[in-house]
Amino acid sequence: MALYQQQELNIYNSLSGKKEVFKPINEGNIGMYVCGPTVYSNVHLGNCRTFISFDLIFRYLKHLGYKVRYVRNITDAGHLENDADSGEDRIAKKARLEQIEPMEVVQKYTIDFHNILQKFNNLPPSIEPTATGHIVEQIEIIKEIIEKGFAYEANGSVYFDVLKFNESHDYGRLSGRKLEDMIPNTRELAAQSDKKNPQDFALWKKAEPQHIMRWPSPWSDGFPGWHLECTVMSSKYLGEQFDIHGGGMDLKFPHHECEIAQGEAATGKNPVNYWMHANMLTLNGKKMAKSTGNNILPTEIFTGDNENLEKGFSPSVARFFMLQANYRSILDFSNEALLASEKGFNRLLDAYHLLDELKPSEKSSFEVAAWKQKCYDAMNDDFNSPILIAQLFEAVKEINTIKEGKSQITAPDLEELKKTMSDFLFDVLGLVDTAEAINDDTGNKLSGTIELLIKLRAEARANKDFATSDKIRNELISLGIQLKDGKEGTVFSLD
RNA sequence: GGCAUCGUGGCCGAGUGGCUAGGCAGAGCUCUGCAAAAGCUCGUACAGCGGUUCGAAUCCGCUCGAUGCCUCCA
């Protein structure tokens, strides 16, 4: 029996605004689409948070035994900087500034994106399609939408007719907006536009002569509208209707609203059952965004080379910090918060390592099965990683007490505890055990050396030669190696 | 201006009608040659004002404040 048959997963659905019991269209299988980045500059930390949130979700779904097809796109076609039918596309702009081909821009920042996400230990998606690789499909779906009467051509561009669509459908139901409210609300800046109404959005844009990224179409040499690629690629790889669609909160409107409209216009079906939105990461209380300059690069976290940081932090610490907040809450980034997470994370890993040294007893004073279910309950409640982490810290307390001989655990319970800790820590939360890094040849030599120093210190202490023993302890601590004296002897940990 | 989300102890963050997460920092104790590590104990918080209720941080209303979206953004 698969785990998912034993655990009832609840997901907060942005469409209904409620937590709902999750039920996939095809039992045991899940189709999940997440809006990926536009690759025109380095990913910033805020982007990473969204993808780490969905990585957690992907990992937990897989852990439950689902077969998940996770599709995340790369937006590599340039889109306009604004919607007023003017302005440069962002990839082309970057290409001009860096004096390289637009596709070089795309390649450069796609690689950066992959590198950084790998450092955060994100699993790669099952399929990572690109917008430019699906121009043909996008043209086809535009034809369909025109045929159904929900789009019109104007001067070589094609626009989605939002007002027409809203007559028979409900435009705005995802973001809680009403078209009637939006109309008097738009300013008169679209005088020069080809649109019939300001709410209409582009499916195809005719390229200006200087526009480099362009493709032929029945309407003009041009490029597809931004919202279209997600509709096309999600339906191509996951079907006209699929289970989960995710993305950053800022994409809810208009991007996801437009996706629903496009999907319904083309197929007549509601494309997505569960909409999930990851919240923003803020810096100094403000949204991180490339365009405003209020951002921090992941590399700067690792090196500490940023005015907001006093030191560098490992990717796992940064990941742990993010997972200590729910994906639906705004999270504010700060040096202090990172420091707190780092300490907690190290304590968690230290306790995990202690598991190998625990001696089993005849009976357990820790109810492992009940605790384990609490871990699942946390994740079943809309992927509540902060609660899961709180539960893991409950186990830390138990492990340390057992180590001190003040509690007991049976051999089977110990195995179960270890397995569960490992499952959640590494498979579900996707954290990396820093101690494993020294498990190579150099690492073995290092630990052998430290063991020797521990022995020498023990001898010095036995001889009451505290000057020598303290010297060993202090020199090691200044190298980032901490000695921990316990009842059973001394162990060490690396910072 | 419209729509939405949110305001929790020194800090970060869960909870969302009664049983008062967790982490970090702080205080005391145990252990220790001294420390560190570890364990135990402690803090009794939910923006403000009204209302509903036997009972509200949790529901409703208002006020104040913050953030996001309304043009590209995870």
Side-chain angles (χ1 to χ4, degrees), chain A residues 17 34-38 40-41 43-54 75 78-84 87 89-90 172 175-178 181-182 184-187 189-190 198-199 226 246-255 257 277-282 285-292 320-321 324-326 328-334 336-345 347-348 350-351 354 378 381 384-394 396-397 399-401 403-404 406-407 461 464-466 469-470 473-474 477 482-487 490-493:
Chain A
V34 172
C35 292
T38 302
Y40 70 101
S41 66
V43 260
H44 65 77
L45 238 211
N47 286 304
C48 294
R49 185 191 179 198
T50 296
F51 299 121
I52 288 170
S53 295
F54 285 102
T75 297
H79 294 294
L80 297 184
E81 290 188 299
N82 62 55
D83 200 29
D89 94 55
R90 287 176 292 154
S175 53
R177 283 159 216 251
K178 293 211 178 337
D181 297 338
M182 290 163 59
N185 204 9
T186 13
R187 290 156 199 146
L189 48 78
Q199 287 74 32
W226 172 48
M249 197 68 142
D250 49 351
L251 298 183
K252 202 172 180 182
F253 187 90
H255 184 58
E257 205 69 74
H277 290 97
N279 220 323
M280 302 292 103
L281 182 69
T282 58
K286 292 261 191 297
K287 176 188 172 181
M288 272 190 207
K290 297 174 195 174
S291 51
T292 58
F320 183 71
F321 158 72
Q324 276 183 298
N326 186 259
R328 282 196 290 127
S329 306
I330 293 171
L331 176 64
D332 194 52
F333 181 90
S334 71
E336 290 67 32
L338 262 289
L339 282 170
S341 289
E342 185 174 54
K343 288 199 176 176
F345 180 56
R347 206 160 76 84
L348 195 51
D350 285 348
L354 272 184
D381 185 14
N384 200 326
S385 52
I387 298 278
L388 170 62
I389 290 170
Q391 290 303 334
L392 296 180
F393 275 108
E394 292 300 323
V396 168
K397 202 178 271 191
I399 292 165
N400 284 320
T401 341
K403 174 70 181 164
E404 292 204 339
K406 291 178 182 164
S407 288
R461 291 176 73 198
K464 301 223 186 293
D465 178 7
F466 298 123
S469 68
D470 288 355
R473 181 219 281 160
N474 295 338
I477 201 83
Q482 188 185 41
L483 300 185
K484 299 172 179 182
D485 295 330
K487 287 235 177 351
T490 302
V491 293
F492 71 93
S493 69

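Lettering follows sequence order; numbering is per chain, from 1.
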Ranking A/Lys484 and A/Lys464 by the position along RNA chain B of their nearest nucleotide, the one closer to 5' is A/Lys464
Can you identify which nucleotide, out of B/U67, B/A21, B/C34, has its nearest atom closest to the A/Asp470 side chain?
B/C34
Mind checking the C1' distance from B/G22 to B/G9? Whole angstroms is fine.
14 Å
For A/Ile477 and B/A35, give me the distance from atom CD1 to atom C1', rounded to whole Å.
10 Å
Please give, in whole Å, the distance from B/C24 P to A/Asp350 CG?
12 Å
Base, sugar-phosphate or nothing for A/Lys397? Non-hydrogen atoms, less than 4.0 Å.
sugar-phosphate
Describe the nucleic acid contact of A/Gly176 in one word from base, sugar-phosphate, nothing, applying a heavy-atom distance below 4.0 Å.
sugar-phosphate
What's the closest nucleotide to the A/Arg473 side chain, out of B/A38, B/G68, B/A35?
B/A35
Separation of the C1' atoms in B/U58 and B/A35, to the nearest angstrom
45 Å
Which heavy-atom pair separates A/Gly248 from A/His277 by the least distance, and what is that distance?
O-CD2, 3.6 Å
Among the nucleotides B/C72, B/G15, B/G13, which one has an atom lying closest to any side-chain atom of A/Asn384?
B/G15
Does A/Asn400 use its side chain to pair, donor to acceptor, with the backbone of A/Val396 at less than 3.5 Å?
yes
Between B/C49 and B/C64, how far is it from one P atom to the other, in whole Å?
15 Å
B/G39 phosphate, OP1 or OP2: any side-chain N/O from A/Asn400 under 4.0 angstrom?
yes
If you measure from the C1' atom in B/C12 to the same atom in B/C46, how many Å do you get, rounded?
15 Å
Among B/C24, B/C40, B/A74, which nucleotide sits nearest the side chain of A/Arg347?
B/C24
With no hydrogens and no angle check, just 3.5 Å: does a side-chain donor-acceptor pair link A/Gln324 and A/Ser385?
no
Counting the atoms with a prime plus P, OP1 and OP2 as sugar-phosphate, which does A/Ala325 contact under 4.0 Å by heavy atoms, base, sugar-phosphate, or nothing?
sugar-phosphate
Could you tell me whether the phosphate oxygens of B/G39, OP1 or OP2, come under 4.0 Å of any side-chain nitrogen or oxygen in A/Lys403?
no
5'-most contact on RNA chain B (nearest-nucleotide basis), A/Phe393 vs A/Gln482, goes to A/Phe393
Give a yes or no answer on whether the side chain of A/Arg49 reaches the backbone of A/Thr282 with a donor-acceptor pair at less than 3.5 Å.
no
Quick one: A/Arg49 CZ to B/U67 C1', roughly how many Å, whole number?
13 Å
Under the side chain to side chain contact (heavy atoms under 4.5 Å, CB included) rule, what do A/Phe321 and A/Phe333 come out as? Steps first, then yes or no, please.
CA-CA 9 Å; A/Phe321 158 72; A/Phe333 181 90; 3.8 Å; yes
Of the nucleotides B/G22, B/U67, B/C69, which one has an atom closest to the side chain of A/Glu394?
B/G22
Below 4.0 Å: OP1/OP2 of B/G33 and any side-chain N or O of A/Ser469
no
Would you say A/Thr401's side chain and A/Lys397's backbone share a donor-acceptor pair under 3.5 angstrom?
yes
Given the P atoms of B/G23 and B/A37, what is the spacing between them in whole Å?
15 Å
Taking C-beta and beyond as the side chain, do A/Thr50 and A/Met249 meet within less than 4.5 Å on heavy atoms?
no
Where the side chain of A/Pro386 is concerned, which of B/G39, B/A21, B/C24 is the nearest nucleotide?
B/A21
Pairwise P distance, B/G15 and B/U8 [rounded to whole Å]:
14 Å
With a 4.0 Å cut-off on heavy atoms, is A/Gly172 in touch with a base, just the backbone sugar-phosphate, or nothing at all?
nothing
Separation of A/Arg177 atom CZ from B/C3 atom P, in whole Å?
10 Å
Taking only the side-chain nitrogens and oxygens of A/Arg328, find out if one of them lies under 4.0 Å from OP1 or OP2 of B/C6.
no
Measure the distance from CZ on A/Phe54 to P on B/A74 and round it to the nearest whole Å.
13 Å
By the 4.0 Å heavy-atom rule, please label A/Glu336 as base, sugar-phosphate, or nothing.
nothing
If only atom types and distance count, is the side chain of A/Glu257 paired as donor or acceptor with the main-chain N or O of A/Ser175 below 3.5 Å?
yes
Indicate, with a heavy-atom threshold strictly under 4.0 Å, whether A/Ser334 touches base, sugar-phosphate, or nothing.
nothing
Between B/A14, B/G23, B/A74, spot the one nearest the side chain of A/Asn47, thanks.
B/A74
Which part of the nucleic acid does A/His44 contact within heavy-atom distance under 4.0 Å: base, sugar-phosphate only, or nothing?
base
Determine the contact category for A/Asp485: base if any of its heavy atoms lies under 4.0 Å from a base atom, sugar-phosphate if only primed atoms, P, OP1 or OP2 are that close, otherwise nothing.
base
Using whole Å, what does the distance between atom P of nucleotide B/A38 and atom NZ of A/Lys343 come to?
10 Å
Partner lookup for B/A14, please. Criteria are Watson-Crick or G-U wobble with both distances under 3.5 angstrom; report none if nothing qualifies.
none
Just how far, in rounded Å, is C1' of B/U5 from CG of A/Leu281?
17 Å
How would you label the contact of A/Phe466 with the nucleic acid (heavy atoms, under 4.0 Å): base, sugar-phosphate, or nothing?
base
Please pick, from B/A74, B/A38, B/G23, the nucleotide with the shortest atom-to-atom distance to any side-chain atom of A/Gln324.
B/G23
Which nucleotide in B/A21, B/U67, B/A74 has an atom nearest any side-chain atom of A/Asp250:
B/A74
In the structure shown, which nucleotide is the Watson-Crick or G-U wobble counterpart of B/U53, with both distances under 3.5 Å?
none
Could you tell me whether A/Asp470 and A/Arg473 make a salt bridge, using a distance below 4.0 angstrom between a side-chain N and a carboxylate O?
yes
Counting only Watson-Crick pairs (N1-N3 plus N6-O4 or O6-N4) and G-U wobbles (N1-O2, O6-N3), all under 3.5 Å, who is the partner of B/U20?
none
Residue matched to B/A4 through Watson-Crick or wobble contacts both under 3.5 angstrom
B/U67
What is the distance from CG of A/Leu331 to P of B/G7, rounded to the nearest Å?
14 Å
Using Watson-Crick or G-U wobble geometry with both distances below 3.5 Å, tell me the partner of B/C62, or none.
B/G48
Strand partner of B/U32, provided both Watson-Crick or wobble distances fall under 3.5 Å
none
Shortest side-chain distance from A/Arg461, nucleotide among B/A14, B/C72, B/G33
B/G33
With a 3.5 Å limit on both atom pairs, tell me what B/G26 is paired to, counting Watson-Crick and G-U wobble, or say none.
B/C42
Do A/Phe51 and the base of B/A74 stack face to face, with centres under 5.5 Å apart and an angle between planes under 30°?
no
